[in-house]
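The structure displayed is predicted, hence computed values, not measured ones.
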Amino acid sequence: MAATLEYGDWTIRPTDPVPPIPGWQKFAWTYAHKDYDGPEDGRCGCAESPDACKAEIDWREEA
(Lines give C-alpha, C1' and ligand atoms only; values in the text may rest on other atoms or scores of the structure.)
Protein backbone atom coordinates (compact mmCIF):
# COMPACT_ATOMS: atom_id res chain seq x y z
CA MET A 1 0.00 0.00 0.00
CA ALA A 2 1.22 3.49 -0.83
CA ALA A 3 2.06 6.03 1.82
CA THR A 4 0.02 9.09 2.75
CA LEU A 5 1.03 12.18 0.77
CA GLU A 6 1.03 15.78 1.93
CA TYR A 7 0.01 18.47 -0.58
CA GLY A 8 -0.06 21.95 0.95
CA ASP A 9 -2.77 21.96 3.62
CA TRP A 10 -4.19 18.70 2.27
CA THR A 11 -3.59 14.99 2.86
CA ILE A 12 -3.90 12.42 0.08
CA ARG A 13 -4.11 8.72 0.94
CA PRO A 14 -5.16 5.46 -0.65
CA THR A 15 -8.79 4.54 -0.09
CA ASP A 16 -8.76 1.36 1.95
CA PRO A 17 -10.35 -0.80 0.81
CA VAL A 18 -11.46 0.09 -2.70
CA PRO A 19 -14.53 -2.07 -3.36
CA PRO A 20 -13.86 -4.63 -6.12
CA ILE A 21 -16.66 -3.20 -8.24
CA PRO A 22 -16.09 -2.15 -11.87
CA GLY A 23 -15.71 1.61 -12.12
CA TRP A 24 -14.83 2.13 -8.45
CA GLN A 25 -11.15 2.65 -9.31
CA LYS A 26 -12.07 6.33 -9.65
CA PHE A 27 -12.32 6.31 -5.84
CA ALA A 28 -8.88 4.73 -5.29
CA TRP A 29 -7.47 7.84 -3.57
CA THR A 30 -9.05 10.07 -0.91
CA TYR A 31 -8.06 13.65 -0.15
CA ALA A 32 -9.08 15.93 2.73
CA HIS A 33 -8.04 19.29 4.11
CA LYS A 34 -6.00 18.99 7.31
CA ASP A 35 -8.72 21.01 9.11
CA TYR A 36 -11.56 18.87 7.70
CA ASP A 37 -14.53 18.89 10.09
CA GLY A 38 -16.84 16.31 8.54
CA PRO A 39 -19.11 15.90 5.52
CA GLU A 40 -20.70 19.33 5.85
CA ASP A 41 -17.22 20.88 5.57
CA GLY A 42 -16.94 19.90 1.89
CA ARG A 43 -13.14 19.95 1.78
CA CYS A 44 -12.67 16.32 0.84
CA GLY A 45 -13.11 14.03 -2.12
CA CYS A 46 -11.96 10.97 -4.04
CA ALA A 47 -10.13 10.52 -7.32
CA GLU A 48 -8.41 7.80 -9.34
CA SER A 49 -4.80 8.88 -8.68
CA PRO A 50 -2.69 11.23 -6.56
CA ASP A 51 -2.30 13.54 -9.58
CA ALA A 52 -6.07 13.64 -10.05
CA CYS A 53 -6.46 14.48 -6.35
CA LYS A 54 -3.94 17.32 -6.73
CA ALA A 55 -5.85 18.68 -9.72
CA GLU A 56 -9.13 18.64 -7.77
CA ILE A 57 -7.43 20.29 -4.77
CA ASP A 58 -5.99 23.00 -7.03
CA TRP A 59 -9.46 23.59 -8.49
CA ARG A 60 -10.97 23.87 -4.98
CA GLU A 61 -8.22 26.27 -3.88
CA GLU A 62 -8.83 28.52 -6.92
CA ALA A 63 -12.61 28.62 -6.36
Side-chain angles (χ1 to χ4, degrees):
M1 179 173 293
T4 298
L5 307 170
E6 301 296 325
Y7 186 67
D9 290 332
W10 299 76
T11 302
I12 301 170
R13 63 177 173 78
T15 303
D16 185 29
V18 175
I21 300 169
W24 278 62
Q25 293 77 14
K26 64 184 174 182
F27 302 112
W29 290 84
T30 301
Y31 61 90
H33 194 275
K34 291 179 182 174
D35 291 333
Y36 177 68
D37 291 329
E40 64 280 353
D41 184 320
R43 294 181 295 170
C44 67
C46 298
E48 64 275 2
S49 70
D51 288 336
C53 288
K54 291 175 183 178
E56 289 188 19
I57 290 168
D58 290 343
W59 176 82
R60 288 172 181 263
E61 291 281 328
E62 290 175 4

Which pair of heavy atoms, one from Ile12 and one from Pro50, lies closest together, and at what distance? CD1-O, 4.2 Å
Side chain to side chain donor-acceptor pair (under 3.5 Å) against Tyr7, all qualifying residues, sequence neighbours excluded: Asp58
With rounding to the nearest 0.5 Å, note down the distance linking NZ in Lys34 to CG in Asp9. 6.0 Å
When rounded to the nearest 0.5 angstrom, what is the spacing between CZ in Arg60 and SG in Cys44? 6.5 Å
Side chain to side chain donor-acceptor pair (under 3.5 Å) partners of Asp37, counting only residues at least two apart: none
Minimum side-chain heavy-atom gap Pro14-Trp29 below 4.5 Å: yes
Minimal non-hydrogen separation, Phe27 against Cys46, with atom names: CD2-CB, 3.6 Å
NE2 (His33) and CD (Glu61) are apart, to the nearest 0.5 Å, by 6.0 Å
Working to the nearest 0.5 angstrom, can you tell me the gap between Tyr31 OH and Thr11 OG1? 13.0 Å
Quick one: do Arg43 and Asp35 satisfy side-chain contact (heavy atoms from CB on, under 4.5 Å)? Show the steps, please. CA-CA 9 Å; Arg43 294 181 295 170; Asp35 291 333; 3.6 Å; yes
Just jot down the side chain to side chain contact (heavy atoms under 4.5 Å, CB included) partners of Ala52, sequence neighbours excluded, or say none. Ala47, Glu48, Ser49
